[in-house]
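Okay, so here's the structure we're looking at.
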Amino acid sequence: MAIAKIGELSVGDIAIIIIYLVTILIVGLAAAFRPNRSNAEGYFLAGGTVIWLQAGCSLFASNIGSEHFVGIAGTASASGYAVVLFEWLSVWVIITLGWIFLPVYMASAIYTLPEYLGKRFGGNRIRMLIAVISLMLYILVRISVDLYAGALFVKIALNWDLYFSILMLLGISAIYTAAGGLAAVVYTETVQAIFMVIGGSILSIYAFREIGGLDNLERLYMSTESYPNETLHGNNTCGIPRSDSLHIWRGFDSNLPWLGFIIGQIWCSLWYWAADQVIVQRVLAAKDLSHGKGATVLASAFKISPMFLMVLPGMVSRILYADEVACVDPEKCEEICESPIGCSNIAYPRLVVGILPHGFRGLVTAVMLSALMSSLASTFNSSSTIFTLDIWTKIRKLPVGQEINNLNNEARRRYNIEIMVVGRICVLILVLVSVCWIPMVQGSSGSQLFMYIQSINCAVAPPIAAIFLLGILWQRTNEKGAFAGLLCGFIMSVCRMLLIFTWHEPKCGQVDTRPWFITVIYIHYLWFAAVLFATTVLVTIAVSLLTDPIPPEYLYRLTYWTRFSRDERKDISLLYSQDMQDEKQPILGSQVKYHAQPEGDGKGATEISFTETENADDYEVVQTPPEDKDPQDLKQIAGAMLGQDHTDSAENLQSQKAGPKSVKSFFWKFVFWFCGISELEKVGDKMPQSVEDERNREEKQMDKILEEPMSMFLLWTCLGFVACAYLFLYIYYA
């Protein structure tokens with residue numbers, strides 16, 4: 001009996017996908033009912049209660065998106081094994097995250113990485129610059145590339161309408177991300193990591209069976225089996241696999257030189273794994289440092305899998321479908337994949353459609369949807385965190401840090417509501433911007449999507465990695481040095497980006513018509529990353545040494561060497577803003593005059609003068625001209641002029657600015673529930689009540705970085721096994 005089909009899928013495939021999507025949505029929305037999501041720590045860091053298994057799966061699922069399946073498999077089909085080094089060399093950076101960066105991040109009691117920069121260097125310009133650049137990278141590279149890769153898969157494997165599929169996936173991802181925060185993301189990513197490994201393994205098994213076993217892969221890939229017809233029957237040599245396709249360590253003149261990975265790519269990986277909000281937020285949410293380290297070890301072990309889940313299947317796809325995956329004729333490529341440059345990006349989805357039976361095809365499709373939604377959800381949540389806490393608070397000039405402690409309960413409640421609502425709105429805006437950007441990505445991704453991602457990252461990321469690394473390891477780094485190095489690095493980055501988008505490298509068989517000086521300075525992006533990182537470090541060190549250092553009392557728990565300090569740390573923002581405050585504030589003891597003009601006919605105007613003192617309530621009231629008014633009434637007028645209300649305490653003014661006290665309609669109750677504020681009257685109690693409460697939170701974070709001897713032994717043992725496994729793979733695939 002024939003199998004009922006909808007497009008390229010059977011009814012069973014559709015059922016599997018629907019069951020999967022419903023399951024993910026239920027898991028995500030279940031997090032919306034968790035009691036700790038009504039405050040910043042509950043929403044942005046899942047309450048700091050995530051265990052190593054969840055955090056490790058979340059790290060892996062956040063990293064492995066649809067661009068990995070499509071991009072890595074596509075690059076592997078075009079050039080062989082070497083692309084796996086992007087994954088295998090990054091494991092040492094992941095371990096560095098757990099052992100070097102995470103202890104400092106936890107001890108500093110931060111929510112976001114730009115917040116760490118604000119505490120470490122003071123001022124706002126570094127923090128704001130990196131926050132804005134991070135959001136740009138998320139929208140223009142991470143989200144847009146994910147959407148393009150997912151759309152490409154949907155178009156080939158499912159035969160669904162492109163924009164309908166994208167809007168559906170974006171909608172589901174945005175709903176459970178907005179409603180549940182990081183808790184929803186972490187729980188769903190744990191499920192999705194399992195789906196990815198199982199589904200990818202099934203496809204690999206079927207792929208190896210198609211070529212008669214894994215042993216035949218290398219022989220068939222280097223034979224004429226992987227040649228397209230244009231190469232096999234014509235004079236075109238562009239479709240021949242590279243001679244070094246079966247080696248991961250390649251020479252300096254290769255497309256992926258091994259030394260470039262060591263001295264260049266490592267800094268791009270450092271930004272991605274240790275200085276990027278999307279990834280670091282997962283381990284910041286861990287129960288303690290031991291669980292955070294365990295998550296990095298688990299994620300490092302998972303990073304072995306891309307070789308077998310993506311690289312090898314991509315090479316098999318070229319063997320089985322050489323005329324499509326390895327096409328070289330621009331007109332034919334345009335017909336196959338709407339890209340005249342090449343169609344290597346279709347290697348993975350073409351394999352899914354071509355060899356999997358119905359049922360399994362639905363499962364692997366669910367894996368791809370899983371990868372897309374994981375990556376999008378992670379980026380949505382982390383982007384909203386950065387925008388809300390690092391940009392919105394500056395635009396609105398909201399209180400930050402210990403300034404929040406000066407608000408009364410009502411004002412703190414309003415502050416928390418605004419932060420939560422803006423976080424959700426940011427998610428929705430990112431969805432709209434991402435959808436609008438899809439056509440741009442379709443027209444500029446080129447034939448190897450993963451290489452496009454890496455070239456952009458290597459042009460932008462190294463300066464950020466340099467600032468974080470120096471900030472944590474070298475106490476002498478100051479704000480002026482960090483900003484100078486960052487600014488110099490980004491000027492170089494902008495110049496590199498102009499080269500990338502203005503003068504494209506010629507296609508295979510084409511004559512290079514670029515100006516001679518462009519060919520000289522257009523070095524490989526891995527070499528450029530090394531130069532960019534070194535330049536940023538040198539400028540930062542030089543300027544830091546030529547300017548005043550940051551006093552040590554402002555750096556407790558903000559560097560690797562002071563991470564265990566329990567001394568009270570001074571707020572570095574006060575150090576940089578003191579001069580400005582001195583200019584704005586009246587000199588203590590000086591007389592200041594205020595003029596009060598009552599409503600009506602203007603009669604009875606009162607001029608009040610008083611003397612500023614250390615005690616804001618201690619001032620002398622003088623009425624001009626003398627009128628028959630109670631001195632206490634005059635003091636209330638003067639207090640109002642100073643932003644005080646002596647009728648109902650100074651907190652009343654903040655409460656008035658906060659807006660209405662209650663929302664009673666069903667619509668607004670639903671809106672506040674969706675925004676994580678189900679009990680409006682109690683939200684204020686979740687904010688820090690005093691400086692002492694803030695200090696208690698720092699003490700709690702300090703306790704998190706203390707490790708038990710047995711935990712340390714287990715972590716080092718597991719790390720040793722992982723390191724041995726990678727050393728073996730480095731040698732075996734050399």
Determine whether a donor-acceptor pair (N or O, by modelled atom type, separation under 3.5 Å) exists between the side chain of [X] and the backbone of [Y].
X      : Y      : answer
Ser79  : Ala76  : no
Arg563 : Tyr560 : yes
Trp271 : Trp267 : no
Ser269 : Ser90  : no
Ser204 : Gly200 : yes

(request) Verify side chain to side chain contact (heavy atoms under 4.5 Å, CB included) between Val83 and Met310, making sure each step is shown before the conclusion. (result) CA-CA 10 Å; Val83 66; Met310 304 167 199; over 6 Å; no
Write out all pairs satisfying salt bridge (charged side-chain N to carboxylate O under 4.0 Å, His left out) with one or both partners inside [range], taking only residues at least two apart or from two chains.
range            : result
residues 712-724 : none
residues 716-730 : none
residues 296-313 : Glu87-Lys303

(message) Can you confirm if the aromatic rings of Tyr206 and Phe360 lie within a centre distance of less than 6.0 Å?
(response)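 So the answer is yes for these two rings.
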(message) With no hydrogens and no angle check, just 3.5 Å: does a side-chain donor-acceptor pair link Glu67 and Tyr452?
(response)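 Absent: no donor and acceptor within the cut-off.
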(request) Describe, in one word, how the ring planes of Phe86 and Tyr525 are oriented to each other, choosing from parallel (under 30°), tilted (30 to 60°) and perpendicular (over 60°). (result)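 Answer is parallel, since the angle falls under 30°.
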(request) Using the six-membered ring wherever Trp is involved, compare the ring planes of Tyr730 and Trp249 and label them parallel, tilted or perpendicular (cut-offs 30° and 60°). (result)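 Correct class here is perpendicular.
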(message) Looking at Arg476, I want to see if its CZ is surrounded by more than 12 non-hydrogen atoms of other residues, nucleotides or ligands under 6.0 Å.
(response)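 Atom CZ in Arg476 is packed in, count exceeds 12.
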(request) With Leu532 as reference, evaluate Cys268, Cys488, Pro462 under the side-chain contact (heavy atoms from CB on, under 4.5 Å) test and give the passing residue. (result)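 Of all the options given, the one that passes is Pro462.
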(message) Which residue in the set Tyr726, Tyr81, Phe728 passes ring-ring contact (aromatic ring centres under 6.0 Å, His included) when paired with Tyr733?
(response)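 Exactly one option meets the ring-ring contact (aromatic ring centres under 6.0 Å, His included) with Tyr733, and it is Tyr81.
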(request) Could you walk me through whether Leu217 and Ile319 pass the side chain to side chain contact (heavy atoms under 4.5 Å, CB included) test, one step at a time? (result) CA-CA 9 Å; Leu217 174 64; Ile319 296 171; 3.8 Å; yes
(request) Specify the closest pair of heavy atoms between Arg250 and Leu256, including all atoms of both residues, with the distance to one decimal. (result)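 Closest approach of Arg250 to Leu256: CB-O, 3.7 Å.
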